[in-house]
2 protein chains.
Amino acid sequence: MRAELALVAFDLFRRKGFDKVTIDDVAEAAGVSRSTFLRYFGTKEDAVLSAFESKSERVAAALRARPADEDDWTALRHAMDHAIASYADAPDEALAVARLVRGTPALRARQLEKMHAWRPALAQALAERAGTGTPSVAHWVRASAALDCFSVGVDHWVDSDGGLDLIELLDEAFAALAPR
Amino acid sequence: MRAELALVAFDLFRRKGFDKVTIDDVAEAAGVSRSTFLRYFGTKEDAVLSAFESKSERVAAALRARPADEDDWTALRHAMDHAIASYADAPDEALAVARLVRGTPALRARQLEKMHAWRPALAQALAERAGTGTPSVAHWVRASAALDCFSVGVDHWVDSDGGLDLIELLDEAFAALAPR
DNA sequence: CTCAAACTGATACCGAGTGTCACGTTAGCC
DNA sequence: GGCTAACGTGACACTCGGTATCAGTTTGAG
């Protein structure tokens with residue numbers, strides 16, 4: 001149900017533009033009521049970005065699974081492979097979604113917010129790797145920078161219409177900031 | 001006028017909570033109409049965050065003014081001094097605003113967005129320093145990371161109730177990512 | 001003094017999100 | 001098989017932020 005709703009919504013958004021489509025439009029097209037749509041998604045934006053959430057835990061888990069003696073930056077680089085997995089698995093869909101998001105301020109803002117929400121989990125994971133309870137300034141900075149690398153890499157990948165290699169882009173992004 | 005409106009709004013927000021105060025409340029307290037408030041700010045959030053904008057150009061200008069042979073990371077670190085200037089000039093006010101923002105999801109989101117909007121100017125400045133027209137992946141990443149350092153530094157400064165030295169926090173944040 | 005431009009406030013409107021409630025369906029249980 | 005409790009659904013009313021329009025007023029330049 002949720003998935004079908006999201007699909008109908010995405011289709012409408014892409015065809016008519018995100019803010020030319022009301023929640024009522026989506027609900028009607030999907031054959032449900034406005035109430036139902038809002039119970040499933042809570043927000044118009046979430047119909048597009050719901051898949052984006054909960055990747056946070058997977059990346060954090062991957063980070064925790066890295067060898068303890070590995071430096072933060074390398075560990076983060078590898079953990080980010082789990083973030084780009086969905087892009088590699090379904091490039092066309094990922095491209096379509098990314099284009100819609102980039103062209104819609106409201107979606108961009110919400111995505112930025114969701115991405116930002118990953119930071120605590122990553123910083124915490126780094127802190128645990130270091131054996132400390134609370135993340136240090138360095139942990140927060142590195143976690144944030146790693147997310148930027150992901151973001152910048154994906155942006156360039158989208159700009160190239162998926163032509164460039166996302167893995168190489170990520171490597172390039174991470175290389176721009178040598179760890180210590 | 002704008003400044004007084006912002007002051008009245010801020011006062012109300014801090015006392016009753018941002019989302020317990022409607023635009024009408026602010027307008028009434030300031031003795032103007034809702035229309036006028038919205039013409040000045042366009043958004044409820046902007047009444048608090050308007051000062052935050054337009055720092056982008058100053059920082060970018062500072063970045064361009066750095067010696068051409070200086071490495072990006074050092075240049076960014078120095079440029080960021082202009083971003084924290086207002087915090088050093090009026091620490092109490094900056095602290096009060098920062099606390100309100102941190103405690104209000106809507107304000108946090110909007111601030112994040114405004115911060116994100118600095119990136120193009122910084123990345124472009126880095127590109128010009130390098131003699132290229134368009135920023136490279138490395139430029140984007142470094143610009144973004146520098147903003148994170150600023151953000152993380154300020155966050156910790158607020159957590160310490162202004163007790164810690166913001167300059168040292170910034171140094172520490174930048175040191176967490178060695179440049180190349 | 002005049003006239004144009006800018007400022008203001010009133011009004012109407014749209015759409016997102018919240019809360020509530022009644023109805024129907026389903027599923028467990030005796 | 002019938003009873004009931006839980007849940008999904010939809011209808012409705014409401015609040016509030018933001019947009020657009022327009023008429024009245026102020027202001028300032030010539």
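Note that the coordinates shown come from a computational prediction; the quantities given were computed from them, not determined experimentally. Just so it is clear: chains get the letters A, B, ... in the order the sequence lines come, proteins before strands, and each one is counted from 1.
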#### Entry: Check ion pair A:Lys44-A:Asp19 (N to O, under 4.0 angstrom)
no
### Task
Determine, for A:Arg2 against A:Asp46, whether the closest basic-nitrogen to carboxylate-oxygen distance falls under 4.0 angstrom.
no
Using only modelled atom types and a 3.5 angstrom limit, is any donor from either the side chain of [X] or the base of [N] paired with an acceptor on the other?
X       : N      : result
B:Arg39 : D:dG18 : no
A:Arg34 : C:dG15 : no
A:Ser35 : D:dA11 : yes

Just the rounded figure in Å: distance from [atom2] of [N] to [atom1] of [X].
X       : N      : atom1 : atom2 : value
A:Leu38 : D:dG10 : CG    : C1'   : 12 Å
A:Lys44 : C:dT18 : NZ    : P     : 15 Å
B:Asp19 : C:dT18 : CG    : P     : 12 Å
B:Glu28 : C:dT8  : CD    : C1'   : 17 Å
A:Arg2  : D:dT9  : CZ    : P     : 13 Å
A:Lys20 : D:dT19 : NZ    : P     : 14 Å
B:Met1  : D:dT26 : CE    : P     : 16 Å
A:Phe37 : C:dA16 : CZ    : P     : 9 Å

#### Entry: Whichever of A:Asp24 and B:Thr36 has its nearest DNA chain C nucleotide further upstream toward 5'
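Its nearest nucleotide being more 5', the pick is B:Thr36.
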### Message
Classify B:Ile23 by what it touches in the nucleic acid, base, sugar-phosphate, or nothing, heavy-atom distance under 4.0 Å.
### Response
sugar-phosphate
### Message
By the 4.0 Å heavy-atom rule, please label B:Tyr40 as base, sugar-phosphate, or nothing.
### Response
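Counting heavy atoms under 4.0 Å across all strands, the contact made by B:Tyr40 is with sugar-phosphate only.
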### Test item: side-chain donor near acceptor, A:Asp89 and A:Ser86, under 3.5 Å
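On atom types as modelled, these side chains do not qualify, holding no pair under 3.5 Å.
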### Query
Parallel, tilted or perpendicular for A:Phe150 and A:Trp118, by the 30°/60° rule?
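The arrangement is parallel - the two ring planes meet at less than 30°.
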### Task
Measure the SG-CG distance between B:Cys149 and B:Asp171 for me, rounded to the nearest 0.5 Å.
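Output value for this atom pair is 10.0 Å.
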### Task
Choose from D:dG17, D:dG18, D:dG10 the nucleotide whose nearest atom is closest to any side-chain atom of B:Glu45.
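For the B:Glu45 side chain, the nearest candidate turns out to be D:dG18.
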### Under 4.0 angstrom between B:Thr43 side-chain N/O and D:dG17 OP1 or OP2
no
